[in-house]
Amino acid sequence: MRWSQAFIPTLRETPADAEVVSHQLLLRAGMIRQLASGIYSFLPLAWRVMQKIMAIIREEMNRIGGQEFHLPALHPAELWRESGRWEIMGENMFRLRDRRGSDLCLGMTHEEVFTAIARHELRSYKQLPQVWYQIQTKFRDEPRPRSGVLRVREFIMKDAYTFDLDWEGLDRAYRDQYEAYCRIFDRCGLKYLVVQASSGAMGGQESAEFMVLTDAGEDHIALCEECGYAANTEKATSRVSDVADADGLPAPEMFPTPGVRTIKDLEDFPGGAPADRQIKTLAYFLDDQFTLLLLRGDHELNEAKLAEATGATHIRPAHPEEIKAALGAYPGSIGAVGVTAYPILADFALRGRRNMVTGANRDDFHLRGVDVERDIRVTQWADLRLVKTGEGCPQCEGTLTIRKGLEIGHIFKLGTRYSESMGAYVLNQEGKAVPLVMGSYGIGVERVMAAAVELYHDEDGIIWPITIAPFQVLLVPVNMADEAQRAAAERLYADLLAANLEVLYDDRDERAGVKFKDADLIGIPIRVTIGPQKLARGQVEILRRRTRTVEDVALDTVVARVREIIEEETREVLAR
RNA sequence: CGGGACGUGGCGCAGCCUGGUUAGCGCGCUUGCUUGGGGUGCAAGAGGUCGCCGGUUCAAAUCCGGCCGUCCCGACCA
């Protein structure tokens, strides 16, 4: 490609709306443009990167027996009603109505559609296993699109689905996908981590997320350096130090605490208690059921765990007035002692605790000497606590640290959640109808691109891993007005193309500085520079964007040398 | 959905508080000359419904109200 004819609208200045590095650089490099909040256009350079990533994904999916489909993005509501997700997906789903008044939606994911195909066409265990995938646009009406292309409302996802006769089959399929994902991200040059994850709205038994550690990410990951434990904090657990309780009182005792509203207030209050001796009482509505949640005073609620523990889909904190009506007191003075009218969920860390302090359900009063199991009618014990940095690893003696991560892939063992709800059964060897055992596996393609930018850039611009770079080589004559340079450049361009290399030829009549700045910005791994002095000696200069190392190469060996460097760079990418 | 901020040529901003005649600046863009290994210099140009609607006023980019849009911080996901 000749740059003079290419559409690469680079920007000198960073648009004010761009906060995260990948957003800034993808905009400045002329790769993406925003159409609306969370909706982006890919310009030619970005689309080349996306296609490289997708090509790698296809190769690796096909290698494990995947068959590529292309399913509709527009779905009838019926399908989603069958799986129950028409309601569950709530506002996150784009919904529309056709001219006859039928409800439709834009696909957020494709379990339903693939399962619908499977249930019509898969009849016998002899047809199994199946590994199906597609690379297709998904639509999600995110409450808050953000960070450029990292969290958007329309995006391209590789989604795969496996159908097996039994759980052993699913285990194999899951393992295959896991390994394919590793190869895909390795080949894209990403440094990533596999973490235990919560299944959320997908349902299912087990899932793992592929995460790139970066502050631009939105997930929090608990990590143990010692044993390698890694889990999304939605799922992570930890050892908490036991608190030795003194013997308490024969029964809770009410005492006045004027003005005390928070855990901190009560710590500071004369006659109060340290946070780890307080019971934190939260009031929530879980699918419209008023519920009390109990945690140790110094612990925080993790709503993802709450959802998982209760199966509730609509979770919200109760409003102060609702709390007053239910308990007779406002937040800050509420507690669970003596409450029988509502479900009470308590975090495991409260088990066996005695001599605790909690609200009395009377404004400005608390109770002391509370023995959790004696005085509170807990309806369910659960892990509700958000893991914090510095807590003990659940697997070893190590300590957890919390890091931010960007989710680039997620694999799920779905089991029979969809096959049962949607009636996808096959006959096994005994002639008995059994539900298909399913898995589902997703990769966010633009996130892979953005993650590469987050990981690999410097103050001058992007540094693409060569495997996904929009071009492998950038050819830059320093001065197009110089006939010798132009002629050499044209010849080299033809040679590089003839060698089947991906070349961008900067034939613009710009000054060297402009070309070099743009070159650094768009981040092509190999730059071949043609300048007057070296050209007079029959040489050009090859610079590697990643290391900035420079070498002088004779004109007639450029193609061969570029080939070698591509191989070296590719090896380097795989070694990350 | 809760909280915060912003909306002025393609990009980055000033002007607004304290209303007043042709709405400025830098970059980019066009033309000419110049320069030619890290955003060259000079000159001349083109380009703006000041987000939209309404109100106040003799007069609104500026004050008031509503709406729309965008970004950031928290709860959701590839």
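Every chain is numbered from 1, with letters handed out A, B, ... down the list of sequences.
- In plain terms, the two heavy atoms of Phe210(A) and Tyr178(A) that are nearest each other are CZ-O, 4.0 Å.
- Using a 4.0 Å cut-off between a side-chain N of Lys or Arg and a carboxylate O of Asp or Glu, Asp518(A) and Arg508(A) qualify as a salt bridge.
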(request) Step by step, work out the salt bridge (Lys or Arg N to Asp or Glu O under 4.0 Å) result for Lys138(A) and Asp159(A). (result) CA-CA 10 Å; Lys138(A) 305 290 185 242; Asp159(A) 46 324; 3.0 Å; yes
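- In this structure, Lys235(A) does not pair ionically with Glu209(A), as no charged nitrogen and carboxylate oxygen lie closer than 4.0 Å.
- If you measure from atom CG of Asp159(A) to atom C1' of C77(B), you get 14 Å, rounded to the nearest angstrom.
- A salt bridge links Arg486(A) and Glu483(A); the closest N-O separation between the charged side-chain nitrogens and carboxylate oxygens is under 4.0 Å.
- On the P atoms, C68(B) is 47 Å away from A44(B), given to the nearest whole Å.
- Within the 4.0 angstrom heavy-atom criterion, base atoms lie near Val152(A).
- Within residues 288-305 of chain A, the residues having any heavy atom closer than 4.0 Å to RNA chain B are, in order of number, Glu303(A), Ala304(A).
- Contact check on Glu60(A) versus Arg63(A) returns a salt bridge, with a Lys/Arg side-chain nitrogen under 4.0 Å from an Asp/Glu carboxylate oxygen.
- Taking 4.0 Å as the cut-off between side-chain N and carboxylate O, Glu454(A) and Arg447(A) do not count as a salt-bridged pair.
- At a threshold of 4.0 angstrom between heavy atoms, the contacts of Gly531(A) include nucleobase atoms, whether or not backbone atoms are also involved.
- Within 6.0 Å of the CZ atom in Arg403(A), the count of heavy atoms belonging to other residues, nucleotides or ligands does not exceed 12.
- Regarding Ile88(A), its CD1 atom lies at a distance of 14 Å from the C1' atom of C76(B), rounded to whole Å.
- At whole-Å resolution of the value, CZ in Arg12(A) and P in C13(B) are 17 Å apart.
- Atom pair Ile315(A):CD1 and C1(B):P shows a separation of 19 Å (rounding to whole Å applied).
- Among the protein residues, Glu91(A) comes within range of no part of the nucleic acid, since none of its heavy atoms lies under 4.0 Å from any strand.
- Taking side-chain N and O atoms only, Gln485(A) has no distance below 4.0 Å to OP1 or OP2 of G37(B).
- One P atom belongs to A46(B), the other to G55(B), and the distance between them is 35 Å to the nearest Å.
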(request) Spell out protein contact along nucleotides 2-12 of chain B as letters: B when the base is contacted, S when just the sugar-phosphate is, - when no protein heavy atom is under 4.0 Å; keep the 5' to 3' order. (result) ---------BS
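- The P atoms of A61(B) and G69(B) are separated by 24 Å, rounded to the nearest whole Å.
- Between Arg183(A) and Glu59(A) there is no salt bridge, since no side-chain nitrogen of the basic residue lies less than 4.0 Å from a carboxylate oxygen of the acidic one.
- Residues Arg576(A) and Asp186(A) are not paired through a salt bridge, judged by the lack of any N-O separation under 4.0 Å between the basic side chain and the carboxylate.
- Ring geometry, Phe290(A) versus Phe285(A): the interplanar angle exceeds 60°, so the pair is classed perpendicular (tilted spans 30 to 60°).
- The aromatic rings of Phe114(A) and Trp132(A) lie tilted to each other, with the angle between the two planes from 30° to 60°.
- Less than 4.0 Å separates RNA chain B from at least one heavy atom of each of the following residues of residues 506-527 of chain A: Asp509(A), Glu510(A), Arg511(A), Ala512(A), Gly513(A), Val514(A), Phe516(A), Lys517(A), Asp518(A), Asp520(A), Arg527(A).
- Using N1 to N3 plus N6-O4 or O6-N4 for Watson-Crick, or N1-O2 and O6-N3 for G-U wobble, each under 3.5 Å, A43(B) pairs with U31(B).
- With P as the reference atom, G45(B) and C53(B) are 33 Å apart, rounded to whole Å.
- Contacts of Asp482(A) with the nucleic acid, taken as non-hydrogen atoms under 4.0 Å apart, are absent.
- Separating the C1' atom of A23(B) from that of U30(B) is a span of 23 Å, rounded to the nearest Å.
- Look at CG on Leu306(A): it is 12 Å from C1' on A75(B), rounded to the nearest Å.
- Taking the C1' atoms as reference points, C50(B) lies 16 Å from C63(B), given to the whole Å.
- In this structure, Phe210(A) atom CZ and C77(B) atom C1' are separated by 17 Å, rounded to whole Å.
- Put simply, CZ on Arg146(A) is 9 Å from C1' on C76(B), counting in whole angstrom units.
- Nearest-nucleotide positions on RNA chain B for Leu535(A) and Gln34(A) put Leu535(A) closer to the 5' end.
- Looking at Glu111(A) and Arg417(A), no side-chain N of the basic residue comes within less than 4.0 Å of a carboxylate O on the acidic one, giving no salt bridge.
- For C25(B), the paired nucleotide is G12(B), the pair qualifying as Watson-Crick or G-U wobble because both relevant distances are below 3.5 Å.
- Nearest heavy-atom pair across Ala488(A) and Leu535(A) is CB-CD1, 3.7 Å.
- Heavy-atom distances to RNA chain B give each of Arg28(A) and Ile408(A) a nearest nucleotide, and the one nearer the 5′ end belongs to Arg28(A).
- Among the atoms of the strands shown, base atoms are found under 4.0 Å from some heavy atom of Pro532(A).
- Using a 4.0 Å heavy-atom cutoff across all strands shown, Ala36(A) reaches sugar-phosphate atoms only and no base atom.
- Exactly one of Arg28(A), Arg545(A), Arg548(A) qualifies for a salt bridge (Lys or Arg N to Asp or Glu O under 4.0 Å) with Asp460(A). That residue is Arg548(A).
- Not one side-chain nitrogen or oxygen of Ser37(A) sits closer than 4.0 Å to the OP1 or OP2 atom of G69(B).
- The partner of G38(B) cannot be assigned: no Watson-Crick or G-U wobble pair with both contacts below 3.5 Å exists in any strand.
- The gap from the P atom of G48(B) to that of G10(B) amounts to 8 Å, rounded to the nearest Å.
- For C58(B) and G12(B), the C1' atoms lie 37 Å apart once the distance is rounded to whole Å.
- At whole-Å resolution of the value, NZ in Lys534(A) and P in G37(B) are 13 Å apart.
- If you check every strand for non-hydrogen atoms under 4.0 Å, Ser147(A) touches sugar and phosphate atoms only.
- Contact of Gln533(A) with G37(B) (side chain to base): no donor-acceptor pair of N or O atoms is detected under 3.5 Å.
- Nucleotide C6(B) is matched to G69(B) when pairs are restricted to Watson-Crick or G-U wobble geometry with both distances under 3.5 angstrom.
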